[in-house]
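The figures here come from the full heavy-atom set of this structure, side chains too, leaving out hydrogens, waters and symmetry mates. Residue numbers start from 1 in every chain, and the chains themselves are labelled A, B, ... in the order their sequence lines are given, proteins ahead of strands. Because the structure is predicted, anything quoted here is derived from the model rather than measured.
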Amino acid sequence: MDEKYFAKKIEQRWQKKWAESGAFEVEIGGDKPKFYQLEMLPYPSGNLHMGHVRNYSAGDALAWYKRLKGFNVLHPIGWDSFGQPAEDAAVKRGVNPREWTEANITSMQGQLQRLGLSYDWRRQMYAHRPEYYKFDQWFFLKMYEMGLAYKKTTQVNWCSHDQATLSNEQASGGMCWRCGNPVTKKELEQWFLRTTAYTGQLLDDMKLIEDGWPQNVLKRQSDWIGRSEGAYVDFDVMASGEQLFVCPIVDGLTSMVGKDRGRVRVFTTRIDTIYGANSIVLAAEHPLIQANLDNFSSEVAEKIAYIRAENAKPADHEVEIEKDGIDTGLKAINPFSGEELPVWVGNYVMMEYGTGAVMSVPGHDERDYEFAKKFGLTIKRVIVSTESSDSTDLQDAPDSAFSEYGVLVNSGEWSGKTSEGAKREMTAYAATNGFGEGAITYRLRDWGISRQRFWGSPIPIIYCDKCGTVPEKYENLPVRLPENAAITGTGESPLAKVPEFYETTCPKCDSPARRETDTMDTFVDSSWYFFRYTDAGNSEMPFDPAIAKYWTPVDQYIGGDDHAVMHLIYARFWTKVMRDLELVAFDEPFRRLLTQGMVVGETFFDDASGKRAYAVPDDVNVERDAKGRITSAATKDGKQLRHAIERMSKSKGNGVDPDEMVEIYGADAARLFVMFAAPIENELVWNEAGIEGAVRFLQRVWRLVYKWRDVDAGPAAASASSGPARALRRKTHQTIKRVGDSFESLQFNTPVAALMELANVIGDFEITPDAASAEDRLAVREALLSLVLMLTPFAPHTAEELYSVLIDNEDGIVANDARFPEYSAELARPDEIEIAVQVNGKLRGRVMASPDADNAELERLAFADEKVREYTDGKDVVKVVVVPKRLVNIVVKG
RNA sequence: GCCGAGGUGGCGAAAUUGGCAGACGCACUAGACUUAGGAUCUAGCGCCGCGAGGCGUGCAGGUUCGAUUCCUGUCCUCGGCACCA
């Protein structure tokens, strides 16, 4: 053993010991309570970035903490190894996606190992290997049987940059989740998973996890699910004059009521304003509109086609979309008032939400108001008023809609009622009279999972001329990806060009048939991978329910909040499906969720010479303002550079290579620093300056241990000592409390600070080892053992090494199954505490007092203080406020 | 536009939830030890002031003996959503 701190040497030694002893390999059972610690699995891009280091360091710290607390901790890692980058690499460099992926995984496994993360490596899952994706397919077949997987032709989100389909969640904000480019629409036949079958549960079950999940993620999920309560109202629709008219029958949207009469259903949350409707407005894609295109004038038909085309274009949020529309000439009847209303097509009505049809009430809805104004339509009477006054004609006056609740006027028999009451009663009235009903709509849609991609799980479906769509048999799973396929990146399914793949026979009738050539969205893999870890080798089932029952649900999940409405919704949905399949017996997969902030870096671009980014500004001159923000940047030869703060990654060129950090400073220092630098949920602007401090701290602890290593405690003089020994023990126990509390509340920066304080106090302990009394020795030894044990979650190699030095044994913390130090409230209790003395709220003195001193005693001490007297003598004492154990505030006058 | 979170030293941040603002660390300054130090140690480090002292948690008010913490208004920053009827 060396007396100098060489990170590399001890890191290699302990990593080897852990691997050889299977230190983090766990099984079900035993006396210890279980704890499932999980971090979001990485995509094998080839390189770890600092965001990974932050995520996995935090998870590892918790895993260690729980182990030290006596838990049986499952801490696994795996690979989200299907997906587009592998295909991009194939297109760009002609490499085989499988080989590229496997090589990346190998290199990243090495990086994770060098960080010394405490995984049960045996349990790794690899999404791209048949042993895993077999069960993607297994689940698909189950969902097909349950009616949860179905195929339909629809407008899907299309990213023309990536040449790929996207689910609604992946196109959130109108931008592609991968590349950030605007999304267009494309009509395709796609497989969907019926997430909407679980809408209510996805919303309601948030109650079960609201204490363990960040507010902001819950909020985003509930916004995404988008519950909205209102009513359906059916308007009779007919042609006007000689116009021909057909009414298609589409369940829930349209129906026939007579030879020349149809009905169209609108959704509204404000049925109370129905007397103010001046028209009904339909989406251009609405079946009623599409069915009548030939019956409309060419002008109308052209306009509708135009609107439809515009709707498919990518959204630009910088520019507000101008309202557009046209009067179709059709007429509708307001079922409440009996009025005849024109039927319009409007670009602001979306086919995907509600019924694709709305009643337009310009007086009380801002969008309808804009629409009416643009086309010079009548803005009808006031329907909702703040007083129950008589009607006012809105036509001249208004410059905006009044969209609040109030009292109804001009509303027939409902005049005089409140909006709330009228909504209830009018909905009931519509229902009894057969032209409507109460309705709840959601924004959440089904999950489109078909991808015209090679590198994903094949969808296990076969198309037979005789039998139609036929699911593959379970015994034929996995449907394997071929070794090779021409990958062009042009958006067609590569598998459709591989006859050896798609040529098959029908599982039902044995005649020649064709396989589905689309593959599944990669988010399928990550929707259930954390169950696979519990039983990673199972070849018959995704996992054995009995084993999963022991480990799941996940106790603590850590990852970025960029997955708030993608992965986390899908995983919750999948869990509910698994529950209905009786594979699991709970509703929610993740008890607690911690969202860690991004690690970002400063990036510099030279727009003139292309897109080169400068990573470390060695060759960049940077000017900063008082807050340290960059005001300008230029190359050494004076070329101006554009600068930005961006998520760190190798591809952006601003990445700090974790391997390099480990090489220079050591894994422990890198991990410790990342944990200490900022609260875990904050964004971390990467700045390497601070890491030296982490190294210094580890070296300080190292020197302290070696300084005292030969002093054993001797006969345990556990009785309360006085003086420095007692003070040290007090600090030790206060630190134990602070560090434990911090872990429980998922804080990682403050416990490091607490450990630094403790190390500082040990360093200030002035007795030399030779002169130390038995009490001194006990105090120092306890302090050092506690410090080292509590350091384990942040710097496990150093902790293991120093622990073995302290106990003078080759084995360390793991081998001895050591425990987090025991906290003693008695030892943490101070003999004396400092009481602040204020006069009129301003600090004027400090006095020492016993923690048990009563208020009268504290008051007496306060008045006895010389400094305080200067401010109180000769003045009237109006009031004295005493806060036990904290302060005395004397209020004086004059 | 709507919703949410947040503004504390030169920087990252603490603050027992209404009770000594700035713990811990980075950077910086001075000194010690050194052939040397980018090692280590000592001291200093919110602002103004020689000092006593005064001021200070985005800004303006309010509640309170006492406010970074609660309330009202306002400004700014970041994030989410984007015609959801």
Atom NZ of Lys374(A) and atom C1' of C83(B) are separated, to the nearest Å, by 14 Å

Would you please classify the geometry between the Tyr706(A) ring and the Trp702(A) ring as parallel, tilted or perpendicular, with 30° and 60° separating the classes? tilted

Is the distance from the ring center of Tyr353(A) to that of Tyr348(A) below 6.0 Å? no

Answer yes if the ring centres of Phe336(A) and Phe435(A) are under 6.0 angstrom apart, and no otherwise. yes

Reckon [X] touches a base, only the sugar-phosphate, or nothing at all at heavy-atom distances under 4.0 Å?
X: Val883(A); result: base
X: Asn682(A); result: sugar-phosphate
X: Arg886(A); result: base
X: Asn889(A); result: base

Say you pick atom C1' in C20(B) and the same atom in G62(B); how far apart are they, in whole Å? 25 Å

Heavy-atom protein contacts under 4.0 Å, nucleotides 52-57 of chain B, coded B base, S sugar-phosphate only, - none: -SSS--

Using a 4.0 Å heavy-atom cut-off to protein, can you give one letter per nucleotide of nucleotides 21-31 of chain B, 5' to 3': B if the base is in contact, S if only the sugar-phosphate is, - if neither? --BBSSS----

Can a side chain N or O of Ser228(A) be found less than 4.0 Å away from OP1 or OP2 on A85(B)? yes

Got a sec, which pairs hit side chain to side chain donor-acceptor pair (under 3.5 Å) with one end in residues 674-688 of chain A, sequence neighbours left out? none

Any strand is fair game: report the nucleotide pairing with U40(B) by Watson-Crick or G-U wobble, both distances under 3.5 Å, or none. A32(B)

Could you check which of A85(B), C83(B), G4(B) has an atom nearest any side-chain atom of Lys219(A)? G4(B)

